[in-house]
Amino acid sequence: MFNLVSPYRITAAQKAAVDEIVSKFKEGCPKQVLLGVTGSGKTFAMAHIIRALDVPTLVLSPNKTLAAQLFQEFKGFFPSDRVGYFISYYDYYQPEAFVPQRNLYIAKEVSINPELERLRLDATRNLLESRQTVLVASVSSIYSIGSPADFSEQKITLAQGDSLSRDDLLNQFVTLGYNRTHDLLESGKFRVRGQMVELFPTSEENPLRFVFSGSILKQIGFFDPLTAECLEDRKQVNVFPINYFFYRQSRIDEALVKIRTELEERLLFFQSQAKPDLAERLRQRTLFDIEMLEQFGHCPGIENYSRHLTDRQQGEAPYTLLSFFPSGYLTIIDESHVTVPQLNGMYAGDRSRKNKLVEYGFRLPSALDNRPLNFAEIQERLQKVLYVSATPSEFEVADARGQVTSLLVRPTGLIDPQVIVKKADDPVQDMLGEIEPVIKGKNRVLITTLTKKMSEKLADFLILKGIRCAYLHSEIKALDRVKIIRKLRQGEFDVLIGINLLREGLDLPEVALVVILDADKEGFLRSATALIQTFGRAARNIDGKVILYADSMVKSVQKAIAEAERRRNYQIEYNRNHSISPVSVRSPIKDFHDDDYWLKKSEEPLPANFKNRETLEKEIEKLTATMKKKAAGLDFKSAAQLRDRIKLLKNMLIEMF
């Protein structure tokens with residue numbers, strides 16, 4: 001059973017909501033809605049629902065930043081259970097595409113983040129090893145990955161006292177796709193030192209050490225890759241394949257027969273259409289991939305052959321993260337008014353792009369089956385579903401057949417922030433006057449704009465005015481977004497400028513002012529729902545206030561303000577009836593993953609003053625000298641931490657000066 005740990009006690013309102021939802025699920029109700037205002041403790045309520053139902057749980061989030069925050073929170077609630085994080089592992093992704101109008105082929109370009117890749121593999125490993133598992137995921141969860149049966153069946157289980165030779169163990173590692181090295185031990189590799197074998201599994205944060213005594217496996221344990229210090233002994237471990245698309249040779253041989261057959265059929269089709277150029281293109285590209293698969297068991301774009309490699313039929317849905325969940329699991333769709341449309345929109349865009357690649361001879365037709373699930377397939381695979389939102393759409397309410405549980409009361413007694421609409425000839429100058437007293441009061445400010453360019457230019461302008469600020473938008477890497485949010489909370493800067501990433505669910509109790517520019521420009525970013533969600537970012541601070549800069553009171557603004565006033569009055573009345581005095585939320589500032597080495601950059605805080613280039617350069621020079629001294633003294637762990645800190649400061653130097 002899940003072990004829920006929290007310094008907070010569940011409130012009467014939260015318990016009533018949890019009890020209602022849990023009882024409905026146990027009665028057989030498959031789908032429900034939790035309507036909870038910002039700050040009402042929705043995540044805490046989710047944790048209690050997970051514990052009460054005691055089933056593996058998938059938490060779907062609309063963006064990587066919010067997913068990281070939810071991952072932090074659930075790690076805190078369930079410290080002794082499995083909590084995983086599954087999002088796209090690309091820092092940069094340019095999909096393969098063809099533009100017929102310009103006869104332009106765009107090759108696939110990717111930059112894979114190894115830490116995110118590890119977390120994905122760790123997440124699926126958790127599901128296969130324990131039912132006490134919570135996975136926080138993005139829409140990446142509906143995209144094709146390998147078969148769970150193949151991934152699970154290829155694993156090897158090793159225990160203390162096992163009788164096997166060292167060479168047998170090495171051969172098993174090779175069959176899982178791991179490579180031998182004689183140098184630094186990296187993820188996906190193993191090395192041998194006498195009777196000791198060291199392996200760095202791709203799903204683990206630290207490598208494993210296996211110590212033999214003759215033909216007996218005497219000891220198993222994790223160790224620090226830098227210091228070689230033993231971290232934890234294990235009696236038994238599972239080692240999984242190097243990645244989702246690693247297959248045993250027999251499976252590859254079977255797939256190659258099907259790929260060759262499909263290639264011949266497609267070549268005949270192009271020849272019958274008098275398109276020999278397309279036939280030759282497809283022949284060359286596919287034969288190259290076949291040769292790579294024969295020689296190495298892998299090829300670039302191997303996922304395009306996943307239908308044959310996983311032995312599926314044409315049109316059959318791919319294996320995804322959902323395939324790894326056992327029966328009876330729970331799905332919580334957070335910020336469902338945004339997440340559901342995302343899930344619904346992935347299939348069509350992917351299909352349109354791949355159709356062109358198949359039509360013009362860049363890929364076999366089976367590549368179309370390397371795809372995300374369509375919405376009907378998603379609905380078939382989800383079992384118990386809880387839609388969670390402060391503003392659920394008509395779809396969620398209808399899909400849950402009107403089963404809506406409301407959570408409109410904040411445990412802190414905080415009321416919705418005051419909303420002020422201002423008409424100003426120069427909104428930016430007027431905004432400066434509003435920002436300054438908030439900063440002096442040691443609080444933070446969020447500003448939302450309509451475009452990325454505007455957010456960057458506004459950040460430059462505020463820096464020139466002596467205000468410490470940063471911007472946040474979709475081009476910033478996922479893990480860097482987490483660090484930016486953390487720095488805002490820590491006070492390394494005071495103002496954060498964004499577009500849509502500041503809208504849903506972020507826990508920022510230090511924010512006392514939210515500024516919405518161009519509030520009257522009705523559309524997706526300035527709809528009533530979007531405005532209500534953005535108001536919520538100031539709802540965790542007792543001094544919370546929202547300023548909308550608008551030239552006219554359009555319908556979306558009127559509707560958003562009316563709903564905010566309704567909720568504000570509801571909480572005021574509740575506080576009066578229960579003698580509650582509002583207090584600001586207090587939330588600890590956590591790292592994305594408290595044990596992750598990559599986030600522990602240094603013991604000292606970063607310099608707060610970023611306005612002076614000379615100060616930053618001197619800091620880099622001083623740290624570089626210290627790093628070299630540590631390396632000379634063979635303290636490589638400290639040297640590596642300083643190296644990463646220097647890299648961070650150099651990036652700041654480039655960005656800010």
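Along the sequence shown, residues are numbered consecutively beginning with 1.
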Check the pair I220, R209 against side-chain contact (heavy atoms from CB on, under 4.5 Å), reporting the backbone distance first and the verdict last. CA-CA 6 Å; I220 303 173; R209 180 179 290 141; over 6 Å; no
Can a side-chain donor-acceptor contact be found between N238 and T157 if the only test is distance below 3.5 angstrom? yes
Are H308 and E262 close enough that a side-chain donor and a side-chain acceptor fall under 3.5 Å? yes
Quick one: CD on Q236 to CG on D162, what's the gap to the nearest 0.5 Å? 8.0 Å
Between D253 and S250, does any side-chain donor sit less than 3.5 Å from a side-chain acceptor? no
Evaluate the side-chain contact (heavy atoms from CB on, under 4.5 Å) criterion for residues N304 and K354: first the C-alpha distance (whole Å), next the side-chain angles of each, then the deciding distance (0.1 Å), finally the verdict. CA-CA 10 Å; N304 288 292; K354 288 214 176 82; 4.0 Å; yes
Output for pair (S366 OG, L309 CG), nearest 0.5 Å, gives 9.5 Å
Is any side-chain heavy atom of Q383 less than 4.5 Å from a side-chain heavy atom of P30? no
Between D311 and K258 (salt bridge meaning N to carboxylate O under 4.0 Å), is one present in this structure? yes
Keeping D350 on the side-chain end and M346 on the backbone end, is there a donor-acceptor pair under 3.5 Å? no
Does a side chain donor of either S393 or H337 reach within less than 3.5 Å of an acceptor in the other side chain? no
Take D81 and V134, measure what side-chain contact (heavy atoms from CB on, under 4.5 Å) needs, and give me the verdict at the end. CA-CA 8 Å; D81 297 308; V134 177; over 6 Å; no
Just by distance, no angles: are the side chains of S140 and R120 close enough, under 3.5 Å, to form a donor-acceptor pair? yes
Taking the six-membered ring for Trp and the single ring otherwise, decide whether the centroids of F240 and F151 are under 6.0 Å apart. yes
If I take atom OG from residue S203 and atom CG from residue N243, how far apart are they, to the nearest 0.5 angstrom? 11.5 Å
CZ of R191 to OG1 of T181, rounded to nearest 0.5 Å, is 8.0 Å
Min side-chain heavy-atom separation P326-P56 under 4.5 Å: yes
Are any of the side-chain heavy atoms of F2 and D54 separated by less than 4.5 Å? yes
Working for side chain to side chain donor-acceptor pair (under 3.5 Å), residues N113 and Y90: CA-CA 6 Å; N113 186 306; Y90 300 118; over 6 Å; no
Rounded to the nearest 0.5 Å, the NZ atom of K384 sits from the OG1 atom of T331 at a distance of 10.0 Å
Tell me whether R166 contacts the main-chain N or O of G194 through its side chain, where contact means a donor paired with an acceptor under 3.5 Å. yes
I'd like to know if R285 pairs up with E280 as an ion pair, taking the criterion as any Lys NZ or Arg NE/NH1/NH2 lying under 4.0 Å from an Asp or Glu carboxylate oxygen. no
Determine, step by step, whether F77 and F44 satisfy the ring-ring contact (aromatic ring centres under 6.0 Å, His included) criterion, reporting the C-alpha distance in whole Å, the side-chain angles of both residues, the deciding distance to 0.1 Å, and the verdict. CA-CA 8 Å; F77 289 139; F44 190 42; 5.5 Å; yes
Can R234 and E232 be counted as an ion pair, charged N to O under 4.0 angstrom? yes
Would F395 and F375 count as a close aromatic pair, with their ring centres under 6.0 Å? yes
With a 4.5 Å heavy-atom cut-off, do L217 and L158 have their side chains touching? yes
Between Y329 and F324, does the ring centroid distance fall short of 6.0 Å? no
K218, NZ: over 12 other non-hydrogen atoms inside 6.0 angstrom: no
Which of these, L176, V174, T175, sits in a side chain to side chain contact (heavy atoms under 4.5 Å, CB included) with Y178? L176
Under the side chain to side chain donor-acceptor pair (under 3.5 Å) rule, what do Q154 and D150 come out as? Steps first, then yes or no, please. CA-CA 6 Å; Q154 291 184 86; D150 284 328; 5.3 Å; no
Lys/Arg N to Asp/Glu carboxylate O, K189 vs E186, below 4.0 Å: yes
Can a side-chain donor-acceptor contact be found between Y143 and S88 if the only test is distance below 3.5 angstrom? no
Between T310 and R312: side-chain donor-acceptor atoms closer than 3.5 Å: yes
Looking only at the side chains, is there a donor atom on one of E96 and Y105 sitting less than 3.5 Å from an acceptor on the other? yes
L282 CG to L287 CG distance, which is reported to the nearest 0.5 Å: 9.0 Å
Within-4.5 Å side-chain heavy-atom neighbours: R260 and I290: yes
Between the side chains of S336 and E396, is a donor N or O closer than 3.5 angstrom to an acceptor N or O? yes
Check ion pair E303-K108 (N to O, under 4.0 angstrom): yes
With side-chain contact (heavy atoms from CB on, under 4.5 Å) as the criterion, how do F71 and K75 come out once you've worked through the C-alpha distance, each side chain's angles and the decisive distance to 0.1 Å? CA-CA 6 Å; F71 174 68; K75 284 279 286 183; 3.8 Å; yes
Quick test of your reading of the model: are R82 and E129 salt-bridged, counting only N-O distances below 4.0 Å? yes
For a 4.5 angstrom cut-off between non-hydrogen side-chain atoms, does T57 reach I332? yes
Tell me if the aromatic rings of F98 and Y360 count as close, with their centers under 6.0 Å from one another. yes
Full working for ring-ring contact (aromatic ring centres under 6.0 Å, His included) between F210 and F173: CA-CA 12 Å; F210 302 89; F173 289 160; 5.8 Å; yes
Going by heavy atoms in the side chains, are V59 and L135 under 4.5 Å from each other? no
